[in-house]
Every structure is written in C-alpha cells, then in structure tokens.
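This report refers to the structure that appears directly beneath it.
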2 protein chains.
Amino acid sequence: MSSTDPAPGLRERNRVRRMRRVERAALELALDRGVDHVTVDMICEASDISPRTYFNYFGSKEGALLGMGNAPHAQADVDTFVAARGHIVEDLLHMVARSFLASDPDREVYVMRRRLFAKEPELQGLQLARIAGRRQAMTRIVEERLAVERPELTEVERGDEAQLVVAVVTGAFPIAGRVWLELEDPGAEIDAAISEVMARVRRIASP
Amino acid sequence: MSSTDPAPGLRERNRVRRMRRVERAALELALDRGVDHVTVDMICEASDISPRTYFNYFGSKEGALLGMGNAPHAQADVDTFVAARGHIVEDLLHMVARSFLASDPDREVYVMRRRLFAKEPELQGLQLARIAGRRQAMTRIVEERLAVERPELTEVERGDEAQLVVAVVTGAFPIAGRVWLELEDPGAEIDAAISEVMARVRRIASP
DNA sequence: CGAGAACTTGCAGATACTGCAAGAATGCGG
DNA sequence: CCGCATTCTTGCAGTATCTGCAAGTTCTCG
C-alpha cells in the first residue's frame with residue numbers, strides 16, 4: 001500500500017489521473033469564485049465526471065479542496081519513530097514529513113491550496129477536522145513509544161503527554177511546510193526546515 | 001457583551017434557557033442513538049422549537065452538540081494577557097480558562113459532551129473546526145503581545161511563534177479541563193490544573 | 001399603553017449526500 | 001482473442017442540511 005507498488009495497473013493510473021484533474025478543477029473554481037459559490041455539480045462539469053463518482057472519490061464537497069487525509073503511515077516509518085530516541089517532537093515531525101513526501105505531493109496543487117487557505121480561513125478548520133483521524137492514530141503511536149521510553153509514567157500521564165506532543169507537531173508541521181516551500185530545492189531539504197522549526201519550538205517552552 | 005451584564009432581560013433569559021434545553025435534548029438523543037441517527041427535526045421535536053430557530057441558534061446540526069464556539073474573549077482578559085510577562089503559554093491558558101468559566105459552563109452538560117466525544121471521535125474533528133475561528137483570534141492576540149515583548153522578531157517569525165503557542169495551548173487546554181473535572185471543587189481550582197499541565201508542557205520541549 | 005425593535009416561525013427551494021442496481025471498463029485464465 | 005469475474009462509474013430516487021424571505025409574535029422602552 002506504499003508508494004512503491006511495482007505495477008500500478010491501468011485502473012489505478014486512470015484513477016489517479018482523474019483525481020488530480022478533479023482536484024485542479026475544484027481548486028481553480030474555488031480560487032476564482034469562492035468556495036461557497038462553487039457547487040459539486042460545477043466541479044463535476046468542469047472535470048467531466050459524474051457527481052456520484054465525485055463523492056465516491058472525495059466523500060464531501062471540500063474533499064477535493066483539502067486533499068489526502070486518509071492514507072495511514074507506512075509501518076516502516078512508524079517502527080523507525082517508535083525505536084528512535086531523539087527529541088520526540090523532532091522524530092515525529094520527521095515521520096510526518098516522510099509520509100507527506102511519500103504521497104508525491106504536487107507542488108503546484110500545494111501552492112494553490114495554500115493560496116486558497118489564505119483566502120478562506122474557514123477551510124483551515126475543515127482541514128483540522130479532516131486530519132483528526134490522523135491525530136488519533138499519531139497519538140496511539142506516540143503512546144507506544146512512550147511506553148518503552150518512559151515506563152515511569154502512568155497510563156493517563158502517557159496519554160496526556162502523547163496528546164501534547166501531537167498538538168505541537170500538528171502545529172509545527174504547517175510551518176515547516178511553508179519553510180520547505182520557500183526553499184527552491186525539493187527533496188531532502190525538508191530536514192532543514194524541520195530543524196529550523198524545532199529551534200522555535202524549543203524557544204517557546206524554555207523560559 | 002461580557003458575562004457581567006447587569007440586567008440580562010427577559011428576552012436574553014428565555015434565549016439562554018431555550019438553548020440549554022435544546023443542547024440537553026440533542027446530547028441525550030445523540031448519546032442514545034448515535035449522532036448520525038439523529039436528525040435536526042428530532043432534536044427540535046424533543047425540545048419544542050422550530051427547525052428554523054434551531055439553525056438561527058446553532059448554525060449547524062452539530063452546533064448544539066459542540067457548544068459555545070463563537071463568543072469572543074472579553075477585552076479585559078485580552079489586555080491582561082497582552083500586558084502580562086509570565087510564561088506566554090501559561091498566561092494564554094489562563095486567558096482561555098477565564099473565558100471558559102465566564103460562559104458559566106454547565107458541569108453536567110460538559111460531562112455529557114465528554115461522554116459523547118469518547119463515543120464518537122469524529123466529533124472531536126468537528127470541534128477543532130468549530131474553534132478554528134477562535135484559534136485565529138488567539139493567534140492575533142499572541143502576535144500583539146509578541147510585538148511588544150520580543151521586538152527583535154521579524155513579522156514572519158512572530159506569526160510562526162504565535163501559531164506554535166496557540167497550537168500548544170489548544171492541545172493543553174482539554175487536558176487541563178479534564179484535570180479540572182476530576183477535582184470536586186469548582187471555581188478557582190482551575191489554576192491548579194493549569195499549573196499541573198504546564199509542568200508537562202515544559203517537560204516535553206526541554207530535553 | 002403604543003411604537004418600534006428583535007425574535008420565532010413557516011414555507012419554498014437549493015445543495016449536499018447516500019443506497020441501489022444497471023451498465024461499462026478492466027483484469028485474468030484459458 | 002474470448003469469456004468470466006471483479007471492480008468501478010453512473011443515473012436515479014430519495015433524504016437531510018441549510019438559507020432567504022416575509023409574516024406573525026414577543027419583548028423593550030419611552
């Protein structure tokens with residue numbers, strides 16, 4: 001289920017191509033006229049797809065605007081994080097970043113999305129709702145690591161600490177994303193962005 | 001607009017009473033049958049209100065389940081926070097807590113809400129979406145304080161730092177809320193809960 | 001008490017979303 | 001290349017959410 005499937009097959013390729021087409025159409029329409037002056041029917045007409053299929057793909061009107069929300073983390077990345085012993089926030093940021101890059105993000109779509117978010121801040125709320133499931137999954141993963149790393153904590157304390165770590169990471173990741181965007185060089189440079197953001201995180205809690 | 005209005009007036013009192021009645025009915029129904037087997041019409045019938053009025057009050061089906069999302073912070077509390085020079089996260093937690101207590105939270109409804117959230121985690125996502133507006137407002141307030149407290153930061157850095165602070169606080173507040181709930185004594189005890197949570201926040205970023 | 005403001009309600013309608021079943025595209029073994 | 005099974009797309013019909021408007025009702029205040 002990772003991004004390294006050997007033969008995607010025609011069916012899968014068509015699917016991806018169609019989804020991208022719909023996403024683009026939706027973003028263009030939303031940027032042009034504003035989200036709530038766009039209907040699902042418009043998006044479907046613009047991308048030549050049936051409304052029923054639209055919902056099969058994205059589940060909700062905003063689905064095409066928000067993009068990837070459901071793909072779980074690769075087990076290998078999870079294991080790496082659980083076994084790592086660096087700063088837990090930084091390690092988790094790396095896991096999330098790896099997951100993000102694995103989805104083969106389309107830089108152009110990403111930029112459109114950012115512009116749209118700036119234009120209609122309510123979408124950020126929906127984005128948060130969309131990734132709520134991921135937050136829960138992440139919380140469980142962090143708890144797993146804490147169980148071996150800090151066995152002195154009670155179960156409740158572990159849960160609290162995990163929640164806090166996840167909150168910090170979900171707050172910090174978009175910032176790292178922006179920093180990453182400003183660097184021209186794609187790929188490994190995201191590590192630099194993470195280090196930079198980590199420094200800011202440290203500064204906040206220290207004094 | 002604060003909670004210290006001298007004479008609420010009959011109109012306002014009716015309004016509050018009715019909203020509470022609707023909230024209770026909605027929570028009971030949702031706990032009983034599950035959120036998506038409850039319709040707005042059911043809630044309205046159970047609480048003897050017209051659907052149109054329901055939407056005037058709560059704006060969305062889930063509004064009655066999630067509770068207060070829109071009331072802005074009292075200007076006095078904001079000023080206090082901006083002028084304070086303690087740990088910025090702790091100060092902001094206090095501001096949020098004051099705002100929360102000012103809404104005169106009904107402990108029983110609060111408990112029902114927590115039970116419902118535990119039963120249907122997707123609601124937590126919607127909750128995040130609902131308070132997204134508050135988060136933005138909080139971010140601006142934090143930026144305001146940072147502008148005077150740390151003038152050496154660039155505008156972008158200020159924005160980033162504010163975002164991080166808000167992320168930490170919105171992550172930490174529910175935990176403080178739970179701790180507060182477990183204390184029998186209502187009222188000022190929320191300060192103790194905040195101190196306790198702050199210690200955990202510090203522990204996370206330090207090593 | 002009476003004028004005016006604020007609120008509730010019903011109605012009509014647009015839009016979002018879902019289940020179902022038929023039809024089309026694709027994968028696969030012969 | 002041909003059927004057969006599988007999976008996906010689509011249309012249809014129906015339900016639920018949400019909104020604007022205008023009329024009726026309740027409250028406020030002088």
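Note on naming: letters A, B, ... go to the chains in the order of the sequence lines (proteins, then strands), and numbering restarts at 1 for each one. The model shown is predicted, which means the values in this text are computed figures rather than measured ones.
In this structure, B/R15 atom CZ and D/dT26 atom C1' are separated by 15 Å, rounded to whole Å. B/D48 has its CG atom 15 Å from the C1' atom of C/dG10, to the nearest Å.
The phosphate of D/dT26 has neither OP1 nor OP2 within less than 4.0 Å of any side-chain N or O from B/N14.
Residue pairs meeting the side-chain hydrogen bond (donor to acceptor under 3.5 Å, both in side chains) criterion with at least one partner in residues 37-46 of chain B, sequence neighbours excluded, are absent. Pairs engaging residues 53-65 of chain A under the salt bridge (charged side-chain N to carboxylate O under 4.0 Å, His left out) rule: none recorded [sequence neighbours left out]. Annotation: salt bridge (charged side-chain N to carboxylate O under 4.0 Å, His left out) contacts involving residues 79-93 of chain B, sequence neighbours excluded, comprise B/E90-B/R202, B/D91-B/R145. Within the structure, ring pair (Phe, Tyr, Trp, His ring centres under 6.0 Å) contacts touching residues 101-143 of chain B (residues at least two apart or in different chains) are B/F100-B/Y110.
In this structure, A/R18 reaches the sugar-phosphate backbone alone: every heavy-atom distance under 4.0 Å involves primed, P, OP1 or OP2 atoms, never a base.
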I'd like a table of donor-acceptor pairs (distance under 3.5 Å, sequence neighbours excluded) in which one partner is a side-chain atom from residues 159-179 of chain A, with atom names and distances.
from	atom 1	to	atom 2	distance (Å)
A/D160	OD1	B/R178	NH2	2.7
A/D160	OD2	B/R178	NH2	2.6
A/D160	OD2	B/R200	NH1	2.2
A/E161	OE2	A/R150	NH1	2.7
A/T170	OG1	A/R135	NH1	3.2
A/T170	OG1	A/V166	O	2.9
A/T170	OG1	A/A167	O	3.1
A/R178	NH1	A/E182	OE2	3.1
A/R178	NH2	B/D160	OD1	2.7
A/R178	NH2	B/D160	OD2	2.5

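Legend: residues meeting side-chain hydrogen bond (donor to acceptor under 3.5 Å, both in side chains) with B/S47, ordered by chain and number and at least two apart, are absent. Checked against side-chain hydrogen bond (donor to acceptor under 3.5 Å, both in side chains), A/N14 has the following partners two or more places apart in sequence or in another chain: A/R17. The side-chain hydrogen bond (donor to acceptor under 3.5 Å, both in side chains) check on A/R158 picks up nothing, with sequence neighbours excluded. Judged as a side-chain hydrogen bond (donor to acceptor under 3.5 Å, both in side chains), and not counting sequence neighbours, B/T80 has no contacts.
When every heavy atom of A/D77 is checked against every heavy atom of A/S99, the shortest pair comes out as OD2-N, 4.5 Å.
Note that the two end axes of the helix from C/dC1-D/dG30 to C/dG30-D/dC1 enclose an angle of 30°, each drawn from 5 base pairs, rounded to 10 degrees.
For the segment residues 51-65 of chain A, the set of residues with a heavy atom within less than 4.0 Å of an atom of DNA chain D comprises A/R52, A/T53, A/N56, A/Y57, in numerical order. Contacts between residues 26-44 of chain A and DNA chain C, counted as heavy-atom distances below 4.0 Å, involve A/V38, A/T39, A/V40.
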